[in-house]
Asker: 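My structure is below; once you've seen it, I'll send some questions.
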Amino acid sequence: MHSVRRRPSAFHYALGTMCCALGIVAMYAPSGDAQQMRPLTAGVYSAAQAARGEVLYADGCASCHGVEFEGTIGPPLAGELFLSNNSALPLAAVVNRIQQTMPFNLPGSLSMEQAIDLTAYILQGGAFPAGQAALGEADLATIAFPVTAAVAPAVAADRGSLPPPEGNLAELMRGIAFPNANIIFNLQIRNPDDEPRIDVAQPFDYRQWGTTIYPGWRAVDQAAIALTETAVLYLTPGRKCQNGRIAPVERDDWKQAVADMIAVSQEAHRASKARDFDAFIDISEKLNESCDSCHRVYRDTGGVEGGIGGDRCR
Ligand code: HEC
Ligand code: HEC
């Protein structure tokens, strides 16, 4: 498998310096146990912060999230759905999400202070009261959203052991439908018959694929969602391998490899949402291992990559 590789050592060196300069922290790790977390009802931000946030919001957010936080193009930022999306998460999750991924059309343009002011205004809109002290960056990991039941309908029993949706429909479309449909749309201008295999170093760069439309981390979000949600297709009973043998989807080691792949892909999605570049050294290794643990036994025992192995899926 050529697509998943540990970063070359040159990258490790560069990362080492970057890590220390930026002081990247584990953003979703709660700093204490649940008892030490302060509730959002405790007056965790100041009225002055919310007032500053209101100006920013009107300018850069209301067009997509609604003047009353009701959601328009983007999701609502107050009410049931917003609370259930953030159930039990530290406030840091929302602040980082805003700072790193919003405004949707201009991510990374807000300072941490602006993201905190915006969060204060959003909390005010959600009827969480202001307090005396200003909300500081250091407080974000120690304040938690209330536990709120999921708004989505309960997963139907006939879904069996499928994991719940990992991404929204747009992300799933971009992750799976977009690359594959574009391969088909490409037939309008190119006939595959006229295109024998091109032997150049980089005939098609999958890593760059789509990045003119969904740049940077968004492509990584989508890839993580696509891997999470499609891994279950490796468990479809009756699927044949290229050599005609039925894939042994009921075996424990096969199921374990798929479960590992789903778990690490979910981890990749969390890290991608947190724009946590450093986490991906470890995640890439784990993802590679989840693929390899199955390939070692069921693929690489017969046939080269791109070929048909008689001993595969035995
Ligand atoms: C061009 C439209 C657009 C603009 C402008 C925009 N957003 Fe968003 N926002 C979205 C979309 C779409 C999503 C859902 C997809 C995602 O999270 O990437 C989202 C998600 C969010 C979320 C996560 C919601 C949840 O349920 O947890 C927050 C918080 C948020 N935006 C805050 C903001 C803030 C604050 C601003 C202004 C600085 C802003 N957004 C500007 C479109 C927008
Ligand atoms: C549960 C087992 C399993 C898991 C997990 C798995 N694979 Fe595979 N994979 C296979 C088998 C078996 C084949 C051979 C299929 C055949 O010959 O029909 C294969 C084939 C492939 C091929 C095609 C190879 C060729 O000869 O053209 C690629 C590419 C591939 N896998 C990538 C991945 C990646 C990337 C991951 C992890 C993100 C992964 N696989 C996870 C079992 C698995």
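The residues of the chain are indexed from 1 along the displayed sequence. Read the numbers this way: they start at 1 and go in the same order the structure lists the ligands and their atoms.
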Asker: Within the 4.0 Å heavy-atom shell around Cys313, which atoms of ligand 2 are there?
Answerer: 12 (C)
Asker: Would you mind running through ligand 1 and noting each atom that sits below 4.0 Å from a heavy atom of Gly60?
Answerer: 5 (C), 37 (C), 41 (C)
Asker: Below 4.0 Å, non-hydrogen atoms only: which portion of Asp221 touches ligand 1? Side chain, backbone, both or neither.
Answerer: neither
Asker: Run the numbers for me: atoms of ligand 2, each under 4.0 Å from some heavy atom of Met261, listed by number.
Answerer: 37 (C), 38 (C)
Asker: One residue to check: Arg312. Relative to ligand 2, which of side chain, backbone, both or neither has a non-hydrogen atom less than 4.0 Å away?
Answerer: side chain
Asker: Under a 3.5 Å distance rule, please check whether Gln114 uses its side chain to pair with a backbone N or O of Ser111 as donor and acceptor.
Answerer: yes
Asker: Parallel, tilted or perpendicular for Trp217 and Phe280, by the 30°/60° rule?
Answerer: tilted
Asker: Evaluate Phe178 against Tyr214 for side-chain contact (heavy atoms from CB on, under 4.5 Å), listing each step before the verdict.
Answerer: CA-CA 11 Å; Phe178 171 69; Tyr214 305 116; 4.0 Å; yes
Asker: Protein N, O or S atoms less than 2.8 Å from atom 8 (Fe) of ligand 1, ignoring waters?
Answerer: His65 NE2, Met102 SD
Asker: Among all the protein's non-hydrogen atoms, which is closest to atom 16 (C) of ligand 1, and how far away is it?
Answerer: Arg97 NH2, 3.7 Å
Asker: Under the rule for side-chain hydrogen bond (donor to acceptor under 3.5 Å, both in side chains), what residues qualify as partners of Asp260, not counting sequence neighbours?
Answerer: Gln256
Asker: Decide whether an N or O pair under 3.5 Å exists between Tyr57 and ligand 1.
Answerer: no
Asker: Tell me the closest heavy-atom pair linking Glu70 and Val67, and the distance in Å.
Answerer: OE1-N, 3.6 Å
Asker: Only pairs under 3.5 Å count here: list side-chain donor-acceptor contacts from residues 51-61, not counting sequence neighbours, and write none if there are none.
Answerer:
unit_1	atom_1	unit_2	atom_2	d
Arg52	NE	Asp117	OD2	2.8
Arg52	NH2	Asp117	OD1	3.2
Tyr57	OH	Gly66	O	2.8

Asker: Under 4.0 Å from any heavy atom of Phe82, which atoms of ligand 1 are there?
Answerer: 25 (C), 26 (O), 27 (O)
Asker: On the six-membered ring of Phe104, is Arg218 placed so that its NZ or CZ lies under 6.0 angstrom from the centre and within 45° of the ring axis?
Answerer: yes
Asker: Answer yes or no: are there more than 12 heavy-atom neighbours, outside Gln132 itself, under 6.0 Å from its atom CD?
Answerer: no
Asker: Any donor and acceptor pair, going by atom type alone, linking the side chain of Gln49 with main-chain N or O of Ala120 inside 3.5 Å?
Answerer: no
Asker: Just to be sure I read this right, does ligand 2 sit under 4.0 Å from the backbone of Ser293, its side chain, both, or neither, counting only heavy atoms?
Answerer: neither
Asker: Can you list the atoms of ligand 2 that are under 4.0 Å from a heavy atom of Val258?
Answerer: 1 (C)
Asker: Hey, would you say the Phe128 and Phe145 ring centroids sit under 6.0 Å apart?
Answerer: no
Asker: Would you check if the side chain of Thr72 reaches a backbone N or O of Cys64 as a donor-acceptor pair within less than 3.5 Å?
Answerer: yes
Asker: Give the atom numbers and elements of ligand 2 that come within less than 4.0 Å of a heavy atom of Cys241.
Answerer: 16 (C), 18 (O)
Asker: I need the contact type for His295 against ligand 2. Using non-hydrogen atoms and a strict under-4.0 Å cut-off, is it side chain, backbone, both or neither?
Answerer: side chain
Asker: Which ligand 2 atoms, with their elements, are less than 4.0 angstrom from a heavy-atom of Cys294?
Answerer: 1 (C), 2 (C), 3 (C), 4 (C), 5 (C), 42 (C), 43 (C)
Asker: Considering only heavy atoms of Leu110, which atoms of ligand 1 have at least one such atom less than 4.0 Å away?
Answerer: 38 (C)
Asker: I need the contact type for Lys273 against ligand 1. Using non-hydrogen atoms and a strict under-4.0 Å cut-off, is it side chain, backbone, both or neither?
Answerer: side chain
Asker: Evaluate the criterion side-chain contact (heavy atoms from CB on, under 4.5 Å) for residue pair Lys273 and Arg97; output intermediate values, then yes/no.
Answerer: CA-CA 7 Å; Lys273 278 283 179 209; Arg97 183 109 173 240; 4.1 Å; yes
Asker: Test Arg296 against Glu289 for salt bridge (charged side-chain N to carboxylate O under 4.0 Å, His left out), laying out the working first.
Answerer: CA-CA 10 Å; Arg296 272 197 298 273; Glu289 176 51 30; 2.9 Å; yes
Asker: Atoms of ligand 1 less than 4.0 Å from Asn86 heavy atoms?
Answerer: 25 (C), 27 (O)
Asker: Going by distance only, is there an N or O of Ser290 that falls short of 3.5 Å from an N or O of ligand 2?
Answerer: no
Asker: Taking only heavy atoms of Gln242 into account, list the atoms of ligand 2 that are under 4.0 Å away from them.
Answerer: 16 (C), 17 (O), 18 (O)
Asker: Gln266 vs Met261, test: side-chain contact (heavy atoms from CB on, under 4.5 Å). Steps then yes/no.
Answerer: CA-CA 9 Å; Gln266 286 169 328; Met261 185 181 154; over 6 Å; no
Asker: Measure the distance from atom 26 (O) of ligand 1 to every protein heavy atom, then report the residue, atom name and distance (to 0.1 Å) of the closest one.
Answerer: Asn85 ND2, 2.9 Å
Asker: Please identify each residue that fulfils side-chain hydrogen bond (donor to acceptor under 3.5 Å, both in side chains) with Thr236, with sequence neighbours left out.
Answerer: Arg239
